[in-house]
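Shown next, in structure tokens, is the structure this report addresses.
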Amino acid sequence: MPIHQPHDAIPKSRVRLTIECSGLSNKDTFSKSDPCCVVRLKSRDGRYVEIGRTEQINNDLNPKFKTKIETDYMFEEVQDLQFLLYDIDSKSAALDDHDFLGSLDTSMGAIVGSRGSCLIKPLTGAKGQNEKKYGSIKVMAEEISSGAGDTLKLRIAGARLVSKDWMGKGDKYLVIKRQRGDGNFEEVCKTEVVKNSKDPSWQPLEIPMSQLNLGKMETPILLEVMDWNSVSAHDFIGQVLCTTNDLLQPRSFKVEKPKSKNPGKDRGEIIVQFCELYHPPSFLEYISGGCEITVMMAIDFTASNKPVKNPDSLHYMNPHGWNQYQQAIMSVGEILDKYKEDQEFEAYGFGGKLPSGQVSHCFALNGSTTSQTVQGVQGILDAYQSSIINVELYGPTNFASIIGAATEAAAKIRPPKQSYIVLLIITDGAITDMDPTIDAIVRASGLPLSIVIVGVGEADFSKMHELDGDDEPLKSQTTGQRVQRDIVQFVAFRDLANDGPRLAKEVLAEIPQQLTSYMKSHNMKPMPRPQVSQN
């Protein structure tokens, strides 16, 4: 009987960065360099702002800094970081007064997405040189558990509980309360009623710690034993006053009744049969353990986008800037490519007429008949530009084939293997195969797959919002089945003022929760974080 918590609209994790260096250059004449690392984060206005620095370690070219740098990690945003190494030779706070040892420009996604969430890179000089004389840096990200999402799993029974009924053994239930800051107790949850029993055994409970005790293990908790009545007020039998720490040690508690005229009366016992503090694995824990994200991109090549050479076309190649398709590819792709070691994407088109004359609703964007794979975000952009020249915009706008290809790939990922697919569909929104698309989504909803749809242009996106399923879960008209879980997210680019970073944030915000919900549904825990050597 889980007790649900409100959905956190902005998922983020607090991470701790550990920094180590190897083979730093020596700037001192009679001793070795005294390094310190300064960490900067790029702000929204483009400036780098210091978020912390390590201690100074004297006479060491292979420092392992003890000072950790803490910052927020947000999957759906590009968080650019700089790691600057200096040889500290005085008490001056101005970095220009110290010798520069090397730097690394990277991103939080690159660190988290590296094997074991541990990034090892060569340091570069002031002008970008990365000769061996600058050495290397190792940055490891570890999540700081806030306890958010932790639940108490609890199974309770009663023994010899007294009854107020003239006949029968009584109909017992429990009310669990927590003490507030003002000293009063408020209800958190209650069990079901067990009829006609002095020895009830209630169904297991799952209580969010944020509701039970705000994460404070010594907060007083009341377990009130009640006897249910159908026509009159329920009878208070007695209570147990305890803490969460008490419950975590399975035991029996004597039921007592405060201010009773007969305080020594035996009112029975409450027995804690099982109690466990459960920490739901986070997205970052799965990624650190080696779960990779495979990205499939699908581009709309239908005629409703307007002829390519028309400046009003959504596919128009403007020599002075990117069109909306290119912006979407770049904004979303540069975040997702950090979570797969080989940075390979599968790139498709749909709704176009190929040079062979065939109209295809699922073709390789690179023109190959054997592989849809391209290298990195630039590989997608290059394949897209080539296809715009060689593929005729046609139609109709069918999604089912593309979703079917993603479903087929996701079906090959079977537990205990940990891998996840994100399908990004960029379209002008005039879908023509709504029912087959809903059927395809319903079939895919139990697989390791998320579908992100970006709407470009000024079309009517009402059908896209229907596919999103936020207002009503999708249901197949063919089978009557509903989606097992929410796997679709839709965003209209125009609603974000064509802002690429905002687009990425909106469309990717649900991916961490969708990935963890899939893993939880298959009882898959994160794999152990692999050991990563700087050598």
Side-chain angles (χ1 to χ4, degrees), residues 42 44-46 74-80 107 109-110 293 295-302 304-339 343 345-352 365-366 374-389 391 393 397 399 402 422-431 450-461 464-465 468 488-511:
K42 193 174 185 178
R44 296 187 184 280
D45 62 6
M74 286 164 282
F75 166 76
E76 72 278 9
E77 291 188 13
V78 175
Q79 296 172 278
D80 290 316
S107 69
I293 296 178
V295 182
M296 301 173 68
M297 285 206 182
I299 310 298
D300 186 336
F301 275 74
T302 58
S304 53
N305 285 277
K306 296 183 180 179
V308 174
K309 293 184 179 180
N310 183 339
D312 293 331
S313 171
L314 294 170
H315 284 301
Y316 180 66
M317 291 296 175
N318 189 332
H320 304 295
W322 288 339
N323 62 35
Q324 290 187 30
Y325 282 94
Q326 290 169 310
Q327 289 182 64
I329 291 170
M330 191 66 189
S331 300
V332 179
E334 70 174 347
I335 291 177
L336 292 176
D337 72 353
K338 307 297 189 298
Y339 297 90
Q343 293 193 336
F345 290 80
E346 292 188 22
Y348 298 85
F350 61 93
L365 204 62
N366 60 9
V374 298
Q375 189 66 40
V377 177
Q378 189 58 50
I380 302 174
L381 293 170
D382 292 343
Y384 166 61
Q385 288 181 293
S386 175
S387 289
I388 283 298
I389 298 172
V391 176
L393 302 187
T397 307
F399 283 5
I402 282 292
V422 175
L423 170 63
L424 172 64
I425 300 175
I426 311 175
T427 178
D428 72 350
I431 184 173
S450 289
I451 301 171
V452 174
I453 304 174
V454 176
V456 295
E458 302 300 322
D460 177 4
F461 290 130
M464 298 296 103
H465 287 292
D468 195 321
V488 179
Q489 171 75 350
F490 169 74
V491 173
F493 206 1
R494 68 186 179 213
D495 293 344
L496 305 176
N498 298 337
D499 184 329
R502 280 187 65 200
L503 171 70
K505 185 172 183 177
E506 290 289 331
V507 300
L508 297 179
E510 294 185 11
I511 299 297

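Keep in mind that the numbers below use all heavy atoms, side chains included, and drop hydrogens, waters and symmetry copies.
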Please walk me through it: do F399 and M464 pass side chain to side chain contact (heavy atoms under 4.5 Å, CB included)?
-> CA-CA 11 Å; F399 283 5; M464 298 296 103; 3.8 Å; yes
Determine whether Q489 and I451 make a side-chain contact, defined as any pair of heavy atoms from C-beta on separated by less than 4.5 Å.
-> no
From OG (S331) to CG (D499), nearest 0.5 Å | 8.0 Å
Residues V454, V491; criterion side chain to side chain contact (heavy atoms under 4.5 Å, CB included); working and verdict = CA-CA 5 Å; V454 176; V491 173; 5.6 Å; no
Evaluate the ring planes of Y325 and H315, with Trp represented by its six-membered ring, and classify them as parallel (under 30°), tilted (30 to 60°) or perpendicular (over 60°).
-> parallel
Has the side chain of E77 got a donor or acceptor atom that lies under 3.5 Å from a matching backbone atom of P501?
-> no
Point-to-point distance, once rounded to the nearest 0.5 Å, from CD of Q378 to CG of D337 | 11.5 Å
Taking R494 for its side chain and G455 for its backbone only, find out whether a donor-acceptor pair lies under 3.5 Å.
-> no
Report the distance from atom OH of Y384 to atom CG of N323, rounding to the nearest 0.5 Å.
-> 4.0 Å
Using side-chain contact (heavy atoms from CB on, under 4.5 Å) as the criterion, point out the one residue from V391, I389, I388 that pairs with V308.
-> I388
Would M330 and L381 count as a side chain to side chain contact (heavy atoms under 4.5 Å, CB included) if you check the C-alpha gap in whole Å, the side-chain angles of each, and the deciding distance to 0.1 Å?
-> CA-CA 8 Å; M330 191 66 189; L381 293 170; 4.1 Å; yes
Polar side-chain atom of D428 near backbone of G457 as donor-acceptor pair, under 3.5 Å = no
Evaluate the side-chain proximity of Y339 to I511: yes if any heavy-atom separation is below 4.5 Å, no if none is.
-> no
Between the main-chain N or O of L365 and the side-chain N or O of S387, is there a donor-acceptor pair closer than 3.5 Å?
-> yes
Atom of I402, atom of G349 and distance for their closest heavy-atom approach = CD1-O, 4.2 Å
Could you tell me whether the side chain of I299 reaches within less than 4.5 Å of the side chain of I380, counting heavy atoms only?
-> no
Minimum heavy-atom separation for Q327 to W322, with atom names?
-> NE2-O, 3.5 Å
Does the side chain of Q326 reach to within under 4.5 Å of the side chain of M317, using non-hydrogen atoms?
-> yes
Does any N or O in the side chain of S313 come within less than 3.5 Å of the main-chain N or O of K306, such that one atom is a donor and the other an acceptor?
-> yes
Could you give the distance from CZ (F350) to OG1 (T427), rounded to the nearest 0.5 Å?
-> 4.5 Å
Nearest heavy-atom contact between A492 and F461 is CB-CD1, 3.8 Å
Distance in Å, K309 NZ paired with Y316 OH, rounded so as to fall on 0.5 Å steps = 11.0 Å
Could you state the interatomic distance from CD (Q79) to CD1 (I335), rounded to the nearest 0.5 Å?
-> 9.0 Å
Between L496 and L503 the two heavy atoms that sit nearest each other are CD1-CA, 3.3 Å
Kindly indicate, with the supporting measurements, whether the criterion side chain to side chain contact (heavy atoms under 4.5 Å, CB included) is fulfilled by D382 and V374.
-> CA-CA 9 Å; D382 292 343; V374 298; over 6 Å; no
Minimum heavy-atom distance T302-D300, with the two atoms named = OG1-OD1, 2.5 Å
